[in-house]
Amino acid sequence: GNSVTQMEGPVTLSEEAFLTINCTYTATGYPSLFWYVQYPGEGLQLLLKATKADDKGSNKGFEATYRKETTSFHLEKGSVQVSDSAVYFCALNLYNFNKFYFGSGTKLNVKP
Amino acid sequence: EAQVTQNPRYLITVTGKKLTVTCSQNMNHEYMSWYRQDPGLGLRQIYYSMNVEVTDKGDVPEGYKVSRKEKRNFPLILESPSPNQTSLYFCASRGAGGKDTQYFGPGTRLTVL
């Protein structure tokens with residue numbers, strides 16, 4: 001079957017620390033991979049995406065590389081800010097463009 | 001402004017009382033979906049629609065109905081709500097292109113007593 005596994009949170013970091021949130025997936029086929037961010041009280045927003053192996057998605061200082069050999073799509077940021085505090089979701093999407101599978105989410109707390 | 005709107009944003013109801021949560025998008029998107037978000041489970045897809053009058057089940061469709069009579073609207077119907085349907089619900093829409101972004105509504109927090 002298809003599924004996404006994320007590291008459990010919460011993750012608590014100090015401002016300017018390095019961030020990694022792990023995401024691995026299982027998929028029948030060649031999925032597109034996404035990271036979404038959810039700020040308190042809001043819906044999800046697309047953070048970045050990658051549609052094929054070895055692609056790197058990037059946005060707002062966040063990066064993730066689609067690794068087919070390890071079935072992973074880990075999210076990284078070199079220096080987090082307090083404003084990055086949110087819940088991050090990894091997701092995959094297959095040929096049926098409207099069928100999405102989400103991970104359980106990882107809450108990030110960044111302290112000043 | 002590109003938008004997905006949901007109403008109501010908050011709803012407290014009782015077991016068995018039929019309710020409808022509305023969803024509307026202004027981007028002329030073909031694809032629309034409903035998700036529920038529960039702690040530790042992430043988002044799970046309830047139903048999705050590829051276009052007007054075309055809908056299909058997601059991973060957790062039991063207890064829900066949907067309809068797509070117009071392209072912009074995709075209401076979620078709970079005919080007989082139960083307490084296990086207490087959750088945070090999100091509507092989303094996306095264009096037909098394979099690389100189109102999925103836009104989410106602000107969410108509806110439903111409590112069934």
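Just so you know, these numbers come straight off a predicted model, no measurement behind them. So that the names make sense, note that chain A is the first sequence line, chain B the second, and so on, each numbered from 1.
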Engineer: Does CD in A:E16 sit with more than 12 non-hydrogen atoms of other residues, nucleotides or ligands closer than 6.0 Å?
Structural biologist: no
Engineer: Taking all heavy atoms of B:L43 and all of A:F102, pick out the closest pair and write down the distance.
Structural biologist: O-CB, 3.5 Å
Engineer: Determine whether more than 12 heavy atoms belonging to other residues, nucleotides or ligands lie under 6.0 Å from atom CZ of B:R44.
Structural biologist: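 Buried by this count: over 12 neighbours within 6.0 Å.
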Engineer: Would you compute the distance between atom CG of A:L46 and atom CZ of B:R94 and round it to the nearest 0.5 angstrom?
Structural biologist: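 Going from the CG atom of A:L46 to the CZ atom of B:R94 covers 9.0 Å.
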Engineer: With a 4.5 angstrom heavy-atom cut-off, is it the side chain or the backbone of B:L41 that approaches chain A, or both, or neither?
Structural biologist: backbone
Engineer: Is there a path of hydrophobic side-chain contacts, each under 4.5 Å between heavy atoms of I, L, V, M, F, W or Y residues, that connects A:V110 with A:Y39?
Structural biologist: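 Looking at the clustering, A:Y39 is in the same group as A:V110.
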Engineer: Between A:Q6 and chain B, which part of the residue has a heavy atom less than 4.5 Å away: side chain, backbone, both or neither?
Structural biologist: neither
Engineer: Are there more than 12 heavy atoms of other residues, nucleotides or ligands under 6.0 Å from atom CD of A:E8?
Structural biologist: no
Engineer: Would you mind telling me which of B:P39, B:P106, B:G107 has the largest number of heavy-atom pairs within less than 4.5 Å of chain A?
Structural biologist: B:P106
Engineer: Flag yes if A:L48 and B:Y103 sit in one hydrophobic cluster, no otherwise; membership is Ile, Leu, Val, Met, Phe, Trp, Tyr, and two members link when side-chain heavy atoms are under 4.5 Å apart.
Structural biologist: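 No: no chain of side-chain contacts under 4.5 Å links A:L48 to B:Y103.
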Engineer: Which atoms of B:Q37 are under 4.5 Å from chain A, going by heavy atoms: the side chain, the backbone, both sets, or neither?
Structural biologist: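 Contact with chain A: side chain only.
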Engineer: Might you point out which heavy atoms bring B:G40 and A:S104 nearest each other, and give the distance in Å?
Structural biologist: O-CB, 3.4 Å
Engineer: Is it the backbone or the side chain of B:R9 that comes under 4.5 Å from a heavy atom of chain A, or both, or neither?
Structural biologist: side chain
Engineer: Atom CZ of A:F34 and atom CD of B:Q102: how far apart are they, to the nearest 0.5 Å?
Structural biologist: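 Reported value, rounded in 0.5 Å steps: 8.0 Å.
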Engineer: Would you say B:Y47 ends up clustered with B:L19 if hydrophobic residues are merged whenever their side chains have heavy atoms under 4.5 Å apart, either directly or through other cluster members?
Structural biologist: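 In one cluster: yes.
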Engineer: Using the ring pair (Phe, Tyr, Trp, His ring centres under 6.0 Å) rule, take A:F100 and B:Y35 through it: C-alpha gap first, then chi angles, then the decisive distance, then the call.
Structural biologist: CA-CA 10 Å; A:F100 277 78; B:Y35 296 88; 7.0 Å; no
Engineer: Are B:V52 and B:M32 connected, step by step, through hydrophobic side chains (Ile, Leu, Val, Met, Phe, Trp, Tyr) whose heavy atoms are closer than 4.5 Å?
Structural biologist: no
Engineer: Would you say B:Y10 has more than 12 foreign heavy atoms packed within less than 6.0 Å of its OH?
Structural biologist: no
Engineer: Checking heavy atoms, do the side chain of B:D59, its backbone, both or neither come under 4.5 Å from chain A?
Structural biologist: both
